[in-house]
Amino acid sequence: MTVRTRFAPSPTGYLHIGGVRTALFNWLFARSQGGQFILRIDDTDQQRNVEEALAPILHGLLWLGIDWDEGPDQPPSVKHSEGRKVGGPHMPYYQSQRTAKYQAAVDRLLEIGAAYRDYARSEEVQAEREAAEKAKLPIWRYSRAWAGDTAEKCRQLEAEGRTAVVRLKMPDSGVLVIDDLVRGQVEFDWAREQDHVIQRADGSFIYHLANVVDDEEFQISHVIRAEEHLSNTPRQIFMLEALGYKRPQYAHLPFVAEPGSHTKLSKRKLAKYLKQKDFANLVNHANHIAEALGMATTLDAFNPVVTDFYEQVGYLPEALVNYLCLLGWSLDDHTDHLTIDQMIRHFTLERVNKSAASFDPGKLFAFEERHMRELPIDRKVELALPFAVRAGLLKKPFSEVSAADRRRVGQVLAAAGDRIRTAGDIVDYTDFFVTAAELPYDEKALEKVKKKADAILLLAKFAPMLESLDSEELTAAITDALVHQFVEAEQCKIGDLILALRFALTGKGVGFGLFEAMEILGKTESIVRIERLLKAVSAE
RNA sequence: GGCCCGAUCGUCUAGAGGCCUAGGACACGGGCCUUUCACGCCCGCGACACGGGUUCGACUCCCGUUCGGGUCACCA
């Protein structure tokens with residue numbers, strides 16, 4: 001049997017972290033089994049602008065490397081996709097365009113007596129429900145009092161100005177056993193299931209009906225979805241069996257929970273999450289970068305529960321995927337770093353956890369740091385360059401970036417090393433892209449340097465020594481030797497000289513290796529910067 | 001409230017009856033390295049929700065309790 005899985009997003013305008021995890025598990029399972037992963041758009045209840053609301057979702061999936069074998073075309077906005085046509089043998093993949101199939105299924109259900117037309121007004125059903133609740137009835141079911149069982153009754157009810165919905169005629173006894181691949185055997189009493197509506201009075205279809213028809217049509221072998229659908233499964237199985245479809249294998253995933261709780265993660269509760277340190281740190285870091293890029297950082301538009309957030313700050317998609325993959329699944333007792341290939345090779349539904357897992361932004365960040373650390377410098381440059389351009393470091397548009405710019409960014413990235421945790425972190429190194437006159441001084445660091453009068457003195461003595469060097473190019477080895485030689489001759493503390501030098505050259509009190517900084521700036525620029533500081537200090 | 005599901009360090013998890021005085025990772029605390037910061041390395045802190053069974057033996061199996069969650073729409 002060919003494994004076919006699917007992810008069925010609703011066009012909401014954004015890709016939720018929990019949704020990605022579901023998509024990822026579907027994708028990993030399909031890939032691990034040599035099967036297909038299908039993307040279907042659940043827009044049965046959508047008003048307009050489906051394309052617009054869908055674009056960020058498709059974009060996010062592709063950014064993460066979750067591609068689909070069948071489904072909607074890829075949006076042109078995504079890098080490398082160039083609007084690739086996808087399609088597939090079961091087109092269209094939008095539920096709003098598949099209504100004829102749903103109508104046929106409803107008609108069939110009606111015909112075989114598995115469903116009926118119901119003319120009740122929602123208030124009437126609601127009243128029955130409330131009465132039953134008041135009476136504390138253990139099991140309540142709609143009386144079917146307004147069911148149109150005969151053509152004559154239908155006519156009569158219609159004459160009253162009523163319109164019909166189609167309801168499922170659920171069995172009133174027996175037990176349904178579902179063999180869930182992650183939860184094991186789960187049982188439901190048919191008698192407790194309601195006569196759910198499957199077609200609305202306006203003729204549109206309810207998700208469950210569409211879902212069942214499409215899963216059959218698309219030959220979905222494994223329905224891997226979030227846990228909240230478990231309770232919906234009986235009605236779906238009822239329909240699918242009435243229709244004579246083959247039951248797919250089910251795997252209900254635990255949902256992704258809020259940090260520190262087992263409640264489902266929600267985009268709207270960001271303000272609450274922000275009270276936690278890890279979460280606040282993650283957002284502060286991102287905000288800092290966004291600010292340098294001139295982006296709006298409102299909670300709604302820039303939200304870490306949505307994948308878009310991570311892309312905008314320059315996270316590595318593989319880091320996010322690695323983290324999400326381990327949220328509810330594990331390979332063994334020690335593997336935490338996996339490449340996509342390894343995930344595909346080892347993923348199994350058997351090892352999916354049963355309980356909800358909290359989203360931990362601190363841990364996600366740790367994965368990001370680790371993946372970034374292991375990235376070759378060339379790739380880092382490619383990733384950081386757009387950020388450098390957008391933050392104005394290079395003072396030119398992307399199309400005019402030269403080999404020299406690229407080299408400079410590469411040098412800074414190499415020197416910064418582990419300090420670059422997301423591609424956006426390049427914005428912290430403006431000091432290597434401005435002239436000496438423009439170099440901003442960190443206030444606190446400046447105060448500290450001023451207090452060290454002898455350090456300033458050392459700086460004044462060091463400048464001529466630097467000047468006397470033959471070559472303009474300063475390698476870290478040369479400056480290292482020079483500084484040590486100077487310290488020896490002056491009998492001073494190396495820390496004092498380095499503190500003053502770092503400040504003069506970068507305007508900061510902390511940063512990466514001083515010798516690397518000098519190498520990037522070169523002899524002339526270094527001297528100009530030292531002189532600027534000396535002048536600034538003596539002017540006071 | 002009914003039904004369904006879940007429960008190991010703060011968090012993600014390993015654990016399919018003896019390998020467990022419960023292992024790994026993130027976070028946290030301390031130390032080492034070091035020109036600052038970061039990385040790295042070492043050490044530490046820290047959990048089987050509770051109560052009954054079953055068994056020679058239970059984190060593992062069963063029952064109950066508690067707690068947490070999901071679901072009960074003409075939403076998906």
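Naming convention: chains lettered A, B, ... in sequence-line order (proteins, then strands); numbering from 1 in each chain.
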Between K452(A) and D496(A), is there a salt bridge with N-O shorter than 4.0 Å?
yes

A76(B) pyrimidine/purine six-ring stacking with H229(A), under 5.5 Å and 30°:
yes

What is the distance, to the nearest angstrom, from the [atom1] atom on [X] to the [atom2] atom on [N]?
X	N	atom1	atom2	value
F188(A)	G70(B)	CZ	P	16 Å
F279(A)	C26(B)	CZ	C1'	15 Å
Q199(A)	C74(B)	CD	P	14 Å
D442(A)	C37(B)	CG	C1'	13 Å

Is it the case that A27(B) (base atoms only) and K277(A) (side chain only) share a donor and an acceptor within less than 3.5 Å, ignoring hydrogens and angles?
no

With distance as the sole criterion, do the side chain of R419(A) and the base of C37(B) form a donor-acceptor contact below 3.5 Å?
yes

Which part of the nucleic acid does [X] contact within heavy-atom distance under 4.0 Å: base, sugar-phosphate only, or nothing?
X	value
I206(A)	sugar-phosphate
S122(A)	base
A120(A)	base
F515(A)	base
V197(A)	sugar-phosphate
G511(A)	base

Closest to the 5' end of RNA chain B, once F512(A) and D189(A) are matched to their nearest nucleotides, is D189(A)

Side-chain donor-acceptor pair under 3.5 Å between E258(A) and Y273(A), yes or no?
yes

Check this one for me: any side-chain N or O of R129(A) less than 4.0 Å away from OP1 or OP2 of A73(B)?
yes

If we call it a pair only when both distances are under 3.5 Å in a Watson-Crick or G-U wobble match, what pairs with G40(B)?
C32(B)

Who pairs with C19(B) - Watson-Crick or G-U, where each distance is under 3.5 Å:
none

Nearest atoms (heavy-atom pairs only) where P304(A) meets L282(A):
CB-CD2, 3.8 Å

List the atom of I206(A), the atom of Q199(A), and the distance in Å for their closest heavy-atom pair.
CG1-N, 4.3 Å

As a test of reading the structure: which of C26(B), G70(B), A14(B) is closest to the side chain of K363(A), going by heavy atoms?
C26(B)

Donor-acceptor pair, side chain of D195(A) and main chain of M170(A), under 3.5 angstrom:
yes

